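We name chains A, B, ... by the order of the sequence lines, and we start the count at 1 in each one. No hydrogens, no waters, no symmetry mates; every other heavy atom, side chains included, goes into these values. This is a predicted model, so every value here is computed, not measured.
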Amino acid sequence: MGMIERIEEISESAQEAVASADDLSSLEAVRVQFLGRKAELTGILRGIAELEADQRGKVGGLANEVRQQTEELISSRSAELEAAELELSLVADSIDVTLPGSPAAPVGHLHPVTRTRRMIEDVMVGLGYRVVEGPEVELDYYNFTALNHPPDHPARMLQDTFYIEPSPATTGGDRGPRDVLLRTHTSPMQVRAMEASPPPLFIIVPGKTYRRDSDATHSPMFHQVEGLAVGEGVTLADLKGTLLAMLREIFGPDREIRMRPHFFPFTEPSVEFDVSCFRCGGSGSLDGGDRCGLCKAIGWIELGGAGMVDPNVFSFVSDAGYDPDLVSGFAFGFGIERIAMLRHGIGDLRLMFDNDLRMLEQFS
Amino acid sequence: MKVPWSWLSEYCDTGLEPADLAERMAMTGTEVERVVEAGIADAGPFVVGRVVSVEPHPNADRLRVCQVDDGTGTRTIVCGAPNVDAGQAVIVALPGAIMPGGMEIGETELRGVLSSGMICGPDEIGVGERTEGILVLDGDPTPGTPASEVVPIEEVVLELEVTPNRTDCFGIYGVAREAHAITGASLAGEPWSDWDPGTDDECSDVVSVSVEDPADCLRFTARVFTGVQIGDSPAWLQARLIASGQRPINNVVDITNYVMLLTGQPLHAFDLDLVPGGELVVRRSRPGEGMTTLDGIERDLPEGTVLVCDGNGPAAIAGIMGGSVSEVGSTTGSVLLEVATWDGPGILRTSRELGLRSEASSRFEKQLHPALCDRAQAVAARLMVEVCGATEVPGMVDVFEHRDPERTLELRSGSVERVLGMDVPVEEQLEALDRLGFSPRPSPDGIEVTVPPDRHFDVTREIDLVEEVARISDLDTNLPATLPSGEGHTGGLSREQQAQRRTEDAMRESGFDEVVGWSFTSPDRIGALRLGESDQRSHATAISNPLSEEQSVMRTTVLISLLEIASRNLARGIGSVRIFESGRVYLPGGRTGEGLLGGAFPGGDPAPLYEPQVLGALATGEFRPGTWASPSIEAGFFPMKGVLEHLAGDLGLSVDVIPGAEPFLHPGRSGQVTVEGTGIGWIGEIHPLVARAFEVPSAVAFEIRLADLASASSVGDEVFREIPAHPAVERDIAILMPEEVAVSAVASAIGEAGGDLLEDVALFDVYAGEELPDGRRSLAFRLRFRAVDRTLAEEDVKPAWDAIVASIGSLKGELRG
Ligand SMILES: [Zn+2]
């Protein structure tokens, strides 16, 4: 057998030995056997100089190649075995991952009214509105008189009002009754905001409002959002587009809006607005053919009131630069609880202010 | 407003199903609350019958056996009515008929006689009041005629929610005009047209009226009818009243109600013989006056109530309710019919003062137009003659001083498009206004209209005409959806609004649930806080008409809400409560803080009260639940202070708590919260007496004013500082200190003594044990020294260290070990 064949034999058996080494110490033995000082291949390489000249290059080349190959095989096998051994020791070191985290970090929750309010604020901020707030204990002037509800006007009867006992802080003069009251809507801020800033004005006003009424659908305290947009050439069509954009953000991109003419003293024309039902898609019936309970099979859900700002309202803020011949505007208002109840399937308004933690903790 | 479908259709037959018209009305400004079926649901098995013979029942004294011709043959019906007689035309319910109560008529054996059907009484088919007898039809209707052709037994009623501006729709004819306007179906002529009270004024010979103040009574008309035969109204009239929600009384009273329902103008009938001398005076009530109203109630009249008086005193509360003194009854022979126009706000005020609202006052309070008086008198006169066999006394007493001219308005071309953002062709505008009764005609600038009297107070400006056109122009379909163009759209949350959200989020992240408490509370709750008289929070603003004592004053601290909510949850078996509220408190006015959060709201007049936004939090029970690896942490002062520190840290601030007492807190475990030296609120354990009053075992809480926190916040304005290039030197120092020296005082003394090199002072241990001298505790701080320009050596730190040791000595402390 020639030298070349022998080297090839060594190579083969080295490959087999490396592959069959199943731990790091047997691999080390393989390394010593094939690459150690006393190894046959080492001996061959050491004896290259003694070979015939024409054999030297061939044998030396092959022997070096096999040596290098074997070193690589051993090193990669070594990495494999090391990884496997680490894995084994890690497995031996395992914990019960199903135990709860510690220390416990309790999760808090925002009230559904706050979450809904923020969502509406964010949508309207995106449409270019600023958020302002006003007093909840308000002057009659802002709640009624300047919103085109003259004293003794029947429209005042539409809203059952809480009055505050006479207080020395009351102002008024020739600005209507001097009464102080709990605002019955967020609309007084329309007038306050216009007094404070000339047009154009794009604001929303979230906040608490109060009416003297208490049952499953009426709470003496509730929350509204008011919107007011005043500028040159603002139209009822702009109101429709704005409400539609807002409602689609809140209730989904497929929603439609419906505006029904109505009456409010401080808007003209006035409308009530509905959104197409997001449960039945406006058809009034569910997939299985059942009647949709959310919209009571009407396909529309009533949300709020709106309209074009009545020129009489502008006349109360004409000093601030609101001239009905130059600017026009729209206003809208709706209840925050109603949106929250619709979105989350809360049936009873009274739950909103009961503050049972088992209810609140359902809303992250 | 209840609108019987048959009555409406008499003036405007739209050809629509009631539900479809309801939908159209809802889309044009008049909500239809309900469409209800009144009377018989299916009139098919109800027919006219002729009583052929009546014989006694063989086995029952009070029953009779009748043979009745129903048009197809003769059937036997057993009847208990005393008034049944041969020859009468009656309504027969054939077997299979379903009565309004749901009872089905069948063939039944009654005491041995088979009865096939039923002869109906007026109440049984909804066309009259309950009586002993059956309904006997007038005239000579053919047997077998469907009953619904003879009497209105089948009725659908629309219940309208009429907005207060639309006084015209408080009358059937006005609703018919509206139906005409929105559907285009033809409108019958006005039921009051072609009327003339007669020029020979005999009326003023028997009646005189004087009005003291025309501001109270814009118009007073009176007519007289003699030879009045009082009785029940005919079935058709009773049926309409019943369907409209009114109870038939007698023909004269029924006529006044019927005419009011038709025209929207209330009327009042006096028994003329009970009005001494036929003299009526309209005046305000005098102190101590009272009267008995038609409902039989004796009432004290508030001073200044407008009255219609006869020579003896009050005979009616103007526009609200008549008096029993001259009530029309069975003995009445002559009727004085009043149709007047009252001052609306005055009626509203009086009605509120009396707590008495009637069909009449609910119309008058919205201000009716004087021209409606003629309409009501016209329709009433015809009915008084037809129904009561009365004779009209020619002429009419008419006290009518100030006649407003007719209102004409201009609707300029372009105005509709400018307001709506949608073009409505001028021909359509003309048609809409015409149908609504505005008599429009083209003018050089657009359209000129005359406002009809029943819209006089509602439509006063061009914008009101725009609305009328818009209503009728199918807004829903035609109005485009656009967004406002032009300037002014720079939306965003203000800095303080962002700060508010951060504080709320910080609380949520700390494991607290947000609550929304009532803004109102009870004086008892305020009292339970042990606040001193000079404390503003003890002066809660009172509501003059609260729903209950529990909600009768405005809260002056959110602590009350938090304690109430905690108590309620604990009572429901929830063991641990961690809650916060971000809301307002309501304090006496005359001052505010900064910005919206501080109650400084925009507007010409300041807010009546001081309404700062505060953030309050309360915890009781477990603060951190225990786990398998760590014990639970109970709510206490320091965990709560940690939350406050986290919250402030979220706004780039640090808070300090300095000793300070609130009467509702544990005196030894509470303090004032300050930011940069300014007090912004309090923190502490709730005083046991307060906790007991709210039925909370023990709790820790804080409340801070957000305006102060938000204005101090550095968020967004942070300035970059170079990252240190040289390492720090750390030294621990353990000190034995008198207990009464506050840790904050020690830390700040160390900080001052340490000079520029001292970068940080951190407390890491507090220890008080028996082996320490009495009244002393051990404090351990980790001090970090660093120079910006070099690595510190031991000798660099020494002077600072010595100064620190000296400062500790000056606080009567000493180094340990
Ligand atoms: Zn639905």
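For the atom pair CD (B:Glu417) and OG1 (A:Thr235), the distance works out to 9.5 Å, reported to the nearest 0.5 Å. To the nearest 0.5 angstrom, B:Ser561 atom OG is 8.5 Å from A:Asn355 atom CG. Between the CD1 atom in B:Ile543 and the OG1 atom in A:Thr161 there is a gap of 12.0 Å [rounded to 0.5 Å].
In this structure a side-chain-to-backbone donor-acceptor pair under 3.5 Å is missing from B:Arg508 to A:His109. In this structure, the side chain of B:Thr163 does not engage the main chain of A:Phe263 through any donor-acceptor pair within 3.5 Å. A donor-acceptor pair is defined here as one N or O able to donate and one able to accept, closer than 3.5 Å; no such pair exists between the side chain of B:Glu509 and the backbone of A:Gly108. With hydrogens and angles disregarded, a donor-acceptor distance shorter than 3.5 Å links the side chain of A:Arg212 to the backbone of B:Asn545. A donor-acceptor contact shorter than 3.5 Å links the side chain of B:Glu611 to the backbone of A:Val137.
In terms of non-hydrogen atom pairs under 4.5 Å with chain B, the most contact-rich of A:Ala237, A:Ser197, A:Gly241, A:Pro269 is A:Ala237. With respect to chain A, the highest number of heavy-atom pairs below 4.5 Å among B:Ile565, B:Asp513, B:Thr627 belongs to B:Asp513. Most heavy-atom pairs under 4.5 Å with chain A, from the set B:Met554, B:Glu564, B:Glu622: that is B:Met554. Ranked by heavy-atom pairs under 4.5 Å with chain B, the first of A:Pro106, A:Pro135, A:Ala104 is A:Pro135. The candidate from B:Gly517, B:Gly344, B:Ala600 with the greatest count of non-hydrogen atom pairs under 4.5 Å with chain A is B:Gly517. Of the listed residues (A:Gly134, A:Gly126, A:Ser214, A:Pro188), the greatest number of heavy-atom pairs within a distance under 4.5 Å of chain B belongs to A:Gly134. Per-residue heavy-atom pair counts under 4.5 Å with chain B were compared for A:Lys240, A:Glu232, A:Glu268, A:Met124, and the maximum is reached by A:Glu268. For chain B, the option among A:Leu360, A:Leu357, A:Asp122 with the highest count of heavy-atom pairs below 4.5 Å is A:Leu357.
In this structure, the portions of B:Val577 lying under 4.5 Å from any heavy atom of chain A include both its backbone and its side chain. Neither the backbone nor the side chain of A:Asp319 comes within contact range of chain B, judged by heavy atoms closer than 4.5 Å. Neither the backbone nor the side chain of B:Arg166 comes within less than 4.5 Å of any heavy atom in chain A. Heavy atoms closer than 4.5 Å to chain B are found in the side chain of A:Leu244, but not in its backbone. Residue contact with chain A, scored on non-hydrogen atoms closer than 4.5 Å, is absent for B:Met422. Of the two parts of B:Glu462, neither the backbone nor the side chain holds a non-hydrogen atom closer than 4.5 Å to a non-hydrogen atom of chain A. In this structure, the portions of A:Leu99 lying under 4.5 Å from any heavy atom of chain B include both its backbone and its side chain. Using a 4.5 Å cut-off between heavy atoms, B:Thr541 contacts chain A through its side chain alone, with no backbone atom that close. Contact annotation for A:Tyr210: only side-chain heavy atoms (C-beta onward) come within less than 4.5 Å of a heavy atom of chain B. For a residue to count as touching a neighbouring chain, one of its non-hydrogen atoms must lie under 4.5 Å from one of that chain's; by this rule A:Ser328 does not touch chain B. Only the side chain of A:Phe330 comes within contact range of chain B, with heavy atoms under 4.5 Å apart. Looking at B:Ile633, neither its backbone nor its side chain comes within 4.5 Å of chain A, counting heavy atoms on both sides. In this structure, the portions of B:Arg471 lying under 4.5 Å from any heavy atom of chain A include both its backbone and its side chain. In this structure, no portion of B:Pro588 lies under 4.5 Å from any heavy atom of chain A. Heavy-atom distances place the backbone of B:Phe623, and not its side chain, under 4.5 Å from chain A. Proximity to chain A is absent for every atom of B:Ser415, based on heavy atoms less than 4.5 angstrom apart. For a residue to count as touching a neighbouring chain, one of its non-hydrogen atoms must lie under 4.5 Å from one of that chain's; by this rule B:Glu504 touches chain A with backbone and side chain alike. With a threshold of 4.5 angstrom between heavy atoms, A:Leu182 approaches chain B through side-chain atoms but not through N, CA, C or O. At a 4.5 Å heavy-atom cutoff, A:Arg115 makes no contact with chain B through either its backbone or its side chain. Looking at A:Glu136, both its backbone and its side chain come within 4.5 Å of chain B, counting heavy atoms on both sides. Contact annotation for A:Glu133: both backbone and side-chain heavy atoms come within less than 4.5 Å of a heavy atom of chain B. With a 4.5 angstrom heavy-atom cutoff, B:Phe512 touches chain A only via backbone atoms. At a 4.5 Å heavy-atom cutoff, the contact between B:Leu547 and chain A is made by backbone and side-chain atoms alike. For A:Met308, the part lying under 4.5 angstrom from a heavy atom of chain B is the side chain only. Neither the backbone nor the side chain of B:Glu468 comes within contact range of chain A, judged by heavy atoms closer than 4.5 Å.
Between A:Arg192 and B:Asp605 there is no salt bridge, since no side-chain N of the basic residue sits under 4.0 Å from a carboxylate O of the acidic one. Ion pair A:Arg260/B:Asp476 not flagged as a salt bridge, since none of the NZ, NE, NH1 or NH2 atoms sits closer than 4.0 Å to an Asp/Glu carboxylate oxygen. Electrostatic pairing of A:Asp325 and B:Arg418 does not count as a salt bridge here, judged by no charged N lying under 4.0 Å from a carboxylate O.
Taking both residues in full, the closest heavy atoms of A:Met189 and B:Pro602 are given as CE-CG, 3.5 Å, listed atom of the first, atom of the second, then distance. The shortest non-hydrogen separation linking B:Gly488 to A:Pro200 is CA-CG, 3.8 Å. Of all the heavy atoms in A:Met259 and B:Met27, the pair that sits closest is O-CE, 3.8 Å. Closest approach of B:Val516 and A:Met221 over heavy atoms only: CG1-CE, 4.1 Å. Across all their heavy atoms, A:Leu139 and B:Pro606 have their closest contact at CD1-O, 4.2 Å. Among all heavy-atom pairs drawn from B:Gln551 and A:Pro220, the shortest one is OE1-CG, 3.8 Å.
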* Residues A:Arg358, B:Asn569; criterion side-chain hydrogen bond (donor to acceptor under 3.5 Å, both in side chains); working and verdict -> CA-CA 9 Å; A:Arg358 293 164 299 184; B:Asn569 277 285; 5.6 Å; no
* To do: Would you please test B:Glu581 and A:His111 for side-chain contact (heavy atoms from CB on, under 4.5 Å) and show each step?
  => CA-CA 9 Å; B:Glu581 175 162 3; A:His111 194 281; over 6 Å; no
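The 12-atom threshold is not exceeded at CD of B:Glu487, counting heavy atoms of other residues, nucleotides or ligands nearer than 6.0 Å.
Taking the side chain as every heavy atom from C-beta outward, A:Ile164 and B:Pro608 never approach each other to under 4.5 Å. The closest side-chain heavy-atom distance from B:Gln497 to A:Val132 is not below 4.5 Å. A:Val131 places none of its side-chain heavy atoms less than 4.5 Å from the side chain of B:Leu596.
A donor-acceptor pair shorter than 3.5 Å can be found between the side chains of A:Thr114 and B:Glu514.
A:Phe202 and B:His489 have tilted rings, their planes meeting at an angle from 30° to 60° on a 0 to 90° scale.
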